[in-house]
Amino acid sequence: DVNATATGGSDAVFTQVLLSWAASGRQIYWTWQHEADDPAKAISQASYQAGWAHLLADAATVSAPNLHSMTILMAIALTGVHGPVDGWYVPGVDVLGFDCYYLDNELLAEQYATAKQHPLAFAEFGAATGGSPDAISAVFAQQFIAATDVNTVAAVWFNNNGNDLATHPQTLAVLRAAAG
């Protein structure tokens with residue numbers, strides 16, 4: 001619940017979750033309100049900022065080097081389609097994440113993360129949200145990976161909406177080759 005988190009109602013439970021993750025020793029990248037900038041979610045920038053403020057304060061009390069906060073917004077928001085994107089920017093977050101399906105938006109995300117001096121993750125990427133034939137998806141994956149900059153710490157293929165790797169063997173081969 002956005003309002004409960006924004007008013008501190010999730011602090012105790014979230015702190016316990018953070019302690020559990022910290023004890024795991026694994027590198028954990030956590031987020032809150034995936035694609036909050038999607039107008040269909042009707043989340044205000046003020047509530048989003050307030051929720052993040054509480055969660056980041058909770059994370060500061062745990063202070064574990066294996067825990068990393070990451071916002072995840074829609075890369076299309078960087079075009080201004082949902083209004084000014086800076087209202088969704090959370091200054092204390094560790095990584096800026098974007099869901100990206102177009103090469104032009106990839107460049108915008110890289111420029112934005114660099115300007116904000118944050119590492120960048122593509123929490124979702126794929127050959128358009130409606131899916132594409134395997135050959136087109138494979139070319140897109142090659143182009144997308146080739147265009148990532150040194151500031152990009154992760155890119156995760158969205159295996160849904162017609163981008164299913166079970167039906168895209170060429171794309172899967174490209175992704176496997178990129179993973180090394």
Backbone N or O of [Y] within a donor-acceptor pair of the [X] side chain at under 3.5 Å?
X	Y	answer
S47	S44	no
N151	H118	yes
H82	A77	no
S132	A127	yes
D94	M70	no
K41	H34	yes
S63	A60	no
Q49	Y89	yes
S137	T171	no
T71	L96	no

Test item: [X] and [Y] side chains (from C-beta on) under 4.5 Å apart, heavy atoms:
X	Y	value
Y112	D86	yes
V62	L67	yes
F98	L78	yes
W157	L165	yes
T114	Q111	no
L56	V90	yes
T61	L18	no
T148	E106	yes

Which pair of heavy atoms, one from [X] and one from [Y], lies closest together, and at what distance?
X	Y	value
V153	A121	CG2-CB, 4.3 Å
I76	N105	CA-ND2, 3.7 Å
G87	Q45	CA-OE1, 3.3 Å
V174	A141	CG1-CB, 3.9 Å
V156	A123	CB-O, 3.4 Å

Parallel, tilted or perpendicular for [X] and [Y], by the 30°/60° rule?
X	Y	answer
W52	W30	parallel
W32	Y48	parallel
F140	F144	tilted
Y29	H68	parallel

Could you tell me the separation between the SG atom of C100 and the CZ atom of F122, rounded to the nearest 0.5 Å?
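Answer for the SG-CZ pair, C100 versus F122, is 5.0 Å.
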D37: what forms a side-chain hydrogen bond (donor to acceptor under 3.5 Å, both in side chains) with it, not counting sequence neighbours?
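Counting only residues at least two positions away or on another chain, D37 forms no side-chain hydrogen bond (donor to acceptor under 3.5 Å, both in side chains).
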Partners passing side-chain hydrogen bond (donor to acceptor under 3.5 Å, both in side chains) against Q117 (at least two apart in sequence or in another chain):
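Not a single residue meets the side-chain hydrogen bond (donor to acceptor under 3.5 Å, both in side chains) criterion with Q117.
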Using the test side chain to side chain contact (heavy atoms under 4.5 Å, CB included), find all partners of S24 that sit at least two apart in sequence or belong to another chain.
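Scan of S24 (side chain to side chain contact (heavy atoms under 4.5 Å, CB included), adjacent residues dropped) gives R26, I28, N66.
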With hydrophobic residues grouped by side-chain heavy-atom distances under 4.5 Å, do F125 and I72 end up in a single group?
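Shared cluster, no.
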Do D149 and T152 pair up side chain to side chain, a donor and an acceptor below 3.5 Å, judged on atom types alone?
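The answer is yes; a qualifying pair exists.
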Side chains of N159 and H168: any donor to acceptor distance under 3.5 Å?
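No, no side-chain donor-acceptor contact under 3.5 Å.
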